[in-house]
Amino acid sequence: MPPRRQQTKVLCVAEKPSIAKAVASHLGGGQVNTHNTGNRYVKNYVFQYNFPAWGECEVTMTSVLGHLVSRDFESRYNNWRACDPSALFEAPIQTYIQDDLKPIAENIKSQARFAKYLYIWTDCDREGENIGDEIRQEALKGNASLSQPNRIFRARFSNIERAHIINAACNPVTLDDAQANAVYSRIELDLRIGACFTRNLTLSVQPLFHQHFGNREQGLISYGSCQFPTLGFVVERYLRVRNFVPETFWTIKVMHEKEDIKVNFRWARNHLFDRMPAVILFERCLAARIARVTKVQTKPTSKWKPLPLTTVELQKCGSRFLYMDSSRVMTVAESLYTKGWISYPRTETDQFDGGMDLRALVQKQTQGGPWAGLAQALMNGGFSAPRNGRNNDKAHPPIHPVNFVEPTQLDAQERSVYEFVVRRFLACCSEDARGSKTDISILYGTETFNASGLVVLARNYLDVYKYDRWTSSQVLPDFQEGEVFEPTEARIQDGKTSPPGYLTEPELIALMDANGIGTDATMAEHILKIKERNYAWVQPRGRRPQGNDGDDEAESGGEAPPAANATRGRRGRGGARGRGGRGGGVEGPGRGATTGVQEFIPTTLGVALVEGYENMGFEISLTKPFLRKEMELKMKAICDGQRTKAEVVHETIEQYRDVYVRTQQRLNVLRDAVRKYCLGPIEAHNG
DNA sequence: GCAAGGTC
């Protein structure tokens with residue numbers, strides 16, 4: 001081979017090693033040299049690639065491990081008592097690179113030295129844009145000439161399919177500074193506000209515990225823009241359960257037996273809370289004696305297959321079906337991901353990209369596992385394109401299996417998460433379940449009553465997705481429109497409304513998701529945090545009211561709940577035991593006094609914090625999700641170029657400074673709440 | 001001893 005001219009060098013940097021490896025293997029075409037770096041996870045991949053804009057280049061593909069740069073206050077602010085916490089609103093912030101990440105920064109600097117182009121391959125979301133900016137700054141330290149125009153680009157990609165990656169490689173775009181700045185403002189605000197309120201809360205509330213309990217420990221009492229609203233959801237539901245007052249209602253039950261089948265009709269009014277009108281309507285029914293069939297309608301119905309799997313959905317399903325809490329599910333999913341069995345587990349996307357070869361992924365699942373035959377059936381013509389959800393983060397595809405692994409090679413938890421991911425994916429590629437639904441309405445006196453029946457005709461996706469239930473109900477006897485009959489039984493019945501259950505983890509995740517609290521990657525951490533901080537604890541949800549059946553004593557014995565008398569002195573009836581009926585999930589295998597679902601109970605401290613802040617009467621509550629939502633809107637405004645980072649940071653800090661000042665003025669409200677809930681009656685401490 | 005966001 002003739003000696004080459006000095007080749008153009010391109011440095012590519014991804015957000016994580018898995019992307020660097022995947023991109024290198026697609027672009028390098030089997031001719032990739034791998035080199036170690038100073039970090040055990042990060043490798044450099046060297047190969048040739050012919051970029052349309054730059055010609056044949058020598059490419060070094062490497063990565064960071066998420067954010068490279070850390071931020072904290074200067075060390076003179078480390079001592080909590082050396083300054084007022086509010087000084088943190090304006091204290092200088094220093095940036096630095098953590099020791100374990102220094103080799104990664106060094107690698108970028110040295111690799112940038114001889115590069116003509118820097119090509120950034122971070123995830124295509126706001127954080128990715130920001131991480132891209134961190135990478136750019138590091139590369140510039142190693143090679144200032146990269147600051148010339150048209151030297152730094154980023155790739156736009158949302159999955160690591162070969163064709164998609166090659167397309168991205170050939171169509172570089174520029175980094176979006178606005179998005180990067182939105183994240184810089186979030187980082188600064190979270191740090192200043194979180195640190196300031198945490199110190200203030202700890203320094204002003206912790207001493208109460210120490211005075212009261214002597215040396216008994218009460219750790220850090222923290223505030224964060226995500227953890228506090230998370231706690232707020234838990235407390236809100238708890239108080240709703242505790243303050244629940246059952247109401248008596250009346251309903252009319254109608255039953256008719258025909259062809260040896262007993263059909264129960266539901267009252268169209270469902271129930272009334274006043275007895276008199278219910279009785280009057282019931283008497284009209286009796287007076288009429290005869291009921292007339294007003295509608296008989298049989299029509300096809302279907303149960304839709306599930307949407308492609310997002311992180312939030314994985315966490316919810318983990319709680320419901322797999323007996324794992326959200327942080328456990330994520331840990332297991334990450335291990336399956338790093339082993340190469342499933343795709344990246346942190347995604348908001350519930351749409352598969354048109355370019356993905358889904359059939360090839362289904363084919364891999366025909367190799368084994370209890371679902372092999374069902375996967376084969378999809379290959380034999382059963383395949384149906386997945387539904388599209390509404391979310392696309394443009395950074396990652398939905399969670400799906402990327403390779404087949406014998407379930408026996410996995411530990412128990414990995415096996416159940418892997419099985420779930422596979423079954424969910426195969427369900428997405430199956431047909432909806434089909435059935436036939438019959439609705440019957442009757443007019444009895446002045447009242448309408450309804451009955452319906454379902455016949456499942458084709459289970460389709462349900463065969464592989466064992467987590468969903470859809471079963472034929474009792475077959476209805478033949479009724480004709482216009483037919484009249486005298487109901488076999490009609491009676492008026494009273495009942496009581498029942499309280500909602502305590503918040504379950506799937507419900508909590510859904511609330512956080514709907515309110516923009518945390519990201520797919522961090523929701524589980526916030527939930528863990530409110531447990532670690534002793535703001536809330538969990539117990540398995542009982543399926544039946546307590547004391548029933550008594551075959552599962554062990555379930556309630558494990559945990560020592562903190563002082564349970566949090567509602568001392570509150571009005572409302574006792575008896576509000578957690579039983580909600582909602583969010584039920586699948587029956588446990590074979591037995592079951594409890595579902596796998598955990599429910600969240602705030603501790604006395606958790607209730608006190610929420611109530612204390614609520615009682616201060618600010619129009620914007622720190623425990624409600626609005627502030628976080630507002631921050632989200634401001635970040636959007638920065639991304640859209642409508643506002644600057646400096647404006648947003650300044651305005652938000654002033655807003656919180658105001659809250660802080662008023663918190664200080666009304667500190668006794670907070671302390672009183674803590675005394676009331678955590679330290680016994682308020683009278684005991686009146687000095 | 002603080003937050004939330006990346007990632008391993």
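As a basis for the values below, the full set of heavy atoms in this structure was taken, side chains included, without hydrogen atoms, waters or symmetry mates.
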Taking the inter-plane angle between the rings of [X] and [Y] on a 0 to 90° scale, is it parallel (under 30°), tilted (30 to 60°) or perpendicular (over 60°)?
X: A:Tyr660; Y: A:Phe89; value: perpendicular
X: A:Tyr337; Y: A:Tyr344; value: perpendicular
X: A:His400; Y: A:Phe352; value: perpendicular
X: A:Tyr117; Y: A:Phe153; value: tilted

Does [X] reach a base, just sugar-phosphate, or nothing at all? Heavy atoms under 4.0 Å.
X: A:Arg40; answer: nothing
X: A:Tyr223; answer: sugar-phosphate
X: A:Tyr337; answer: sugar-phosphate
X: A:Pro17; answer: sugar-phosphate
X: A:Glu15; answer: sugar-phosphate
X: A:Tyr184; answer: nothing

Scan side-chain atoms only and decide if A:Asn200 and A:Gln664 contain a donor-acceptor pair under the 3.5 Å cut-off.
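Per modelled atom types, A:Asn200 and A:Gln664 side chains form a pair under 3.5 Å.
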
Polar contact flag, side-chain donor to acceptor under 3.5 angstrom, A:Ser335-A:Thr338:
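Judged by distance alone, the side chains do not pair up.
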
Of A:Ile187 and A:Asp520, whose nearest nucleotide on DNA chain B comes first from the 5' end?
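The residue closer to the strand's 5' end, by nearest nucleotide, is A:Ile187.
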
Tell me which of A:Leu101 and A:Arg533 sits closer to the 5' end of DNA chain B, going by the nucleotide each one is nearest to.
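The 5'-side residue here is A:Arg533.
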
Going 5' to 3' along DNA chain B, which are the first and last nucleotides with any atom under 4.0 Å from a heavy atom of chain A?
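The contact span of chain A on DNA chain B goes from B:dG1 to B:dC8.
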
Is there a residue in residues 122-143 of chain A whose heavy atoms reach under 4.0 Å of DNA chain B, and which residues are they?
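By residue number: A:Asp123, A:Glu127.
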
What distance separates A:Leu503 CG from A:Phe600 CZ, expressed to the nearest 0.5 Å?
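These two atoms lie 7.5 Å from each other.
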
Output side-chain donor-acceptor pairs under 3.5 Å for residues 96-104 of chain A, partner residues at least two apart or in another chain, one line each.
{"from": "A:Asp99", "atom 1": "OD1", "to": "A:Lys102", "atom 2": "NZ", "distance (Å)": "2.9"}

Would you say the side chain of A:Asp325 lies within less than 4.5 Å of the side chain of A:Lys531, judging by non-hydrogen atoms?
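A:Lys531 reaches A:Asp325 side chain to side chain.
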
